[in-house]
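Source: prediction; values computed, not measured. Computation of the quantities below employed the complete heavy-atom set of this structure, encompassing side-chain atoms and omitting hydrogens, waters and symmetry-equivalent molecules.
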Amino acid sequence: MLDGRTYFTAGRSAHLNSGIYVYCLDAETGRVHQETRLSADLSSKGELQRAALSDVLVSDGRSIWMRKRRFDARDIGRPTQAGGPPPLNATAGLLDESWFNRTFWTHNGNTPAQYLVFDDETVYGIRAYQQFFWKSFNDAFEPGRQGYQLFAADIVQAGREQQKKDNRRNRRPPPGKWSVMIPIRAQAMVVTDNLLFAAGVPDVVDGEDPWAAFEGRSGALLCVFSKSDGRTLAQYRLPVPPTYDGMAVAEGRLYLTLKDGKVICFAGRGT
């Protein structure tokens with residue numbers, strides 16, 4: 001929702017079933033302010049023109065993005081790919097929970113990682129891979145050996161010159177604040193005024209059942225970290241893994257959805 005208006009899409013692809021419909025509604029009354037339809041130019045040769053795939057919508061307070069397709073919040077009838085990168089983007093879509101070395105999240109076109117959260121000044125993320133080169137990670141990950149990299153970096157606002165540089169060579173990571181290795185494959189994270197929360201399956205390999213942790217049969221962990229230096233403040237056992245991106249904070253409480261369909265709530269000070 002933005003300025004009393006809510007935005008949503010219907011459809012999967014600009015190529016299928018009459019394309020993707022984009023709506024802007026009055027949040028209080030449901031009245032339709034505007035609607036538009038995205039459809040691909042199937043007559044174009046080579047790369048299809050006006051191609052689009054549906055995804056979670058994100059906003060910077062002025063524009064609405066669906067992947068790299070940008071809409072003016074005041075006039076969604078003129079979608080464009082101009083105006084810089086989205087504040088949050090995933091090469092395989094924000095609903096894809098698989099971790100592959102050629103798919104990653106970025107914030108403002110920077111800080112490639114497998115998963116990201118951010119506040120006004122800092123972006124926090126987790127990486128399974130360390131070497132990033134030419135728009136993909138180019139190394140292997142060995143489970144149960146060193147864990148995953150949890151990091152904090154200054155937010156960088158990508159401009160036009162930075163975008164041109166990105167097209168020629170590998171992105172330069174923004175200045176790092178801290179980096180630690182953690183023993184969980186975090187697939188749910190949230191940042192608050194004081195703390196960073198991450199939940200996921202443990203990074204262990206059982207000799208009798210090597211896939212147990214990865215497939216969620218070894219339970220999970222909820223970890224609490226300091227925003228200032230990444231120091232682990234607390235750990236809590238979870239009976240089953242969290243759902244992907246299934247954590248939220250509101251009114252001093254932490255809410256976490258689990259893969260068995262349950263929702264659990266933690267209440268405490270300092271969130």
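A donor-acceptor pair under 3.5 Å links the side-chain atoms of T91 to the main chain of F104, judged by distance alone. For the pair D96 (side chain) and L94 (backbone), a donor-acceptor distance under 3.5 Å is absent. For S226 (side chain) and G230 (main-chain N/O), no donor-acceptor pair under 3.5 Å exists by modelled atom type. Under a 3.5 Å cut-off, the side chain of T29 and the backbone N or O of R31 do form a donor-acceptor pair. Counting only distance, with no hydrogens or angles, the side chain of D203 and the backbone of G147 share a donor-acceptor pair below 3.5 Å. R127 places a side-chain N or O within 3.5 Å of a backbone atom of P112 that can act as its donor or acceptor partner. A donor-acceptor pair under 3.5 Å links the side-chain atoms of Q187 to the main chain of E97, judged by distance alone. No donor-acceptor distance shorter than 3.5 angstrom exists from the side chain of T122 to the backbone of D154, with no hydrogens or angles considered. Checked by atom type and distance alone, the side chain of D60 pairs as donor or acceptor with a backbone atom of R62 at under 3.5 Å.
Side chains of R12 and S54: no donor on one and acceptor on the other come within 3.5 Å.
Within 6.0 Å of atom CG in N17, 12 or fewer heavy atoms from other residues, nucleotides or ligands are found, so the atom counts as exposed in its surroundings.
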Q: Under the ring-ring contact (aromatic ring centres under 6.0 Å, His included) rule, what do W178 and F151 come out as? Steps first, then yes or no, please.
A: CA-CA 6 Å; W178 52 258; F151 67 90; 8.0 Å; no
(Q) Using the rule given for salt bridge (Lys or Arg N to Asp or Glu O under 4.0 Å), can you reason through R5 versus D3, listing the C-alpha separation, both sets of side-chain angles and the distance that settles it, and then say yes or no? (A) CA-CA 6 Å; R5 298 185 177 189; D3 295 331; over 6 Å; no
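Of the charged side-chain nitrogens involved, at least one lies within less than 4.0 Å of a carboxylate oxygen, so that D229 and R231 count as a salt-bridged pair. By the 4.0 Å N-to-carboxylate-O rule, D119 lies close enough to K227 to be salt-bridged with it. Contact check on D209 versus R217 returns a salt bridge, with a Lys/Arg side-chain nitrogen under 4.0 Å from an Asp/Glu carboxylate oxygen.
Y129 and F141 have perpendicular rings, their planes meeting at more than 60° on a 0 to 90° scale where under 30° would count as parallel. Classification of the F132-F137 ring pair by plane angle, with boundaries at 30° and 60°, yields perpendicular.
Here the shortest heavy-atom pairing between P241 and A220 reads CA-CB, 3.6 Å. Minimum heavy-atom separation, M181 to Q146: CE-O, 3.5 Å. Closest heavy-atom contact between A52 and R69: CB-NH2, 4.0 Å. Between I76 and Y23, the shortest heavy-atom distance links the atoms CD1-C, 4.0 Å. Shortest non-hydrogen contact noted between F71 and V22 is CZ-CG2, 3.9 Å. A pairwise comparison of heavy atoms in T243 and A188 identifies O-CB, 4.0 Å as the closest pair.
Y148 has its ring centre less than 6.0 Å from the ring centre of W99.
Judged as a salt bridge (charged side-chain N to carboxylate O under 4.0 Å, His left out), and not counting sequence neighbours, the contacts of D72 are R74. For F100, there are no ring-ring contact (aromatic ring centres under 6.0 Å, His included) partners two or more places apart in sequence or in a different chain. Among residues two or more places apart in sequence or in another chain, the side-chain hydrogen bond (donor to acceptor under 3.5 Å, both in side chains) test is passed with Q34 by D75.
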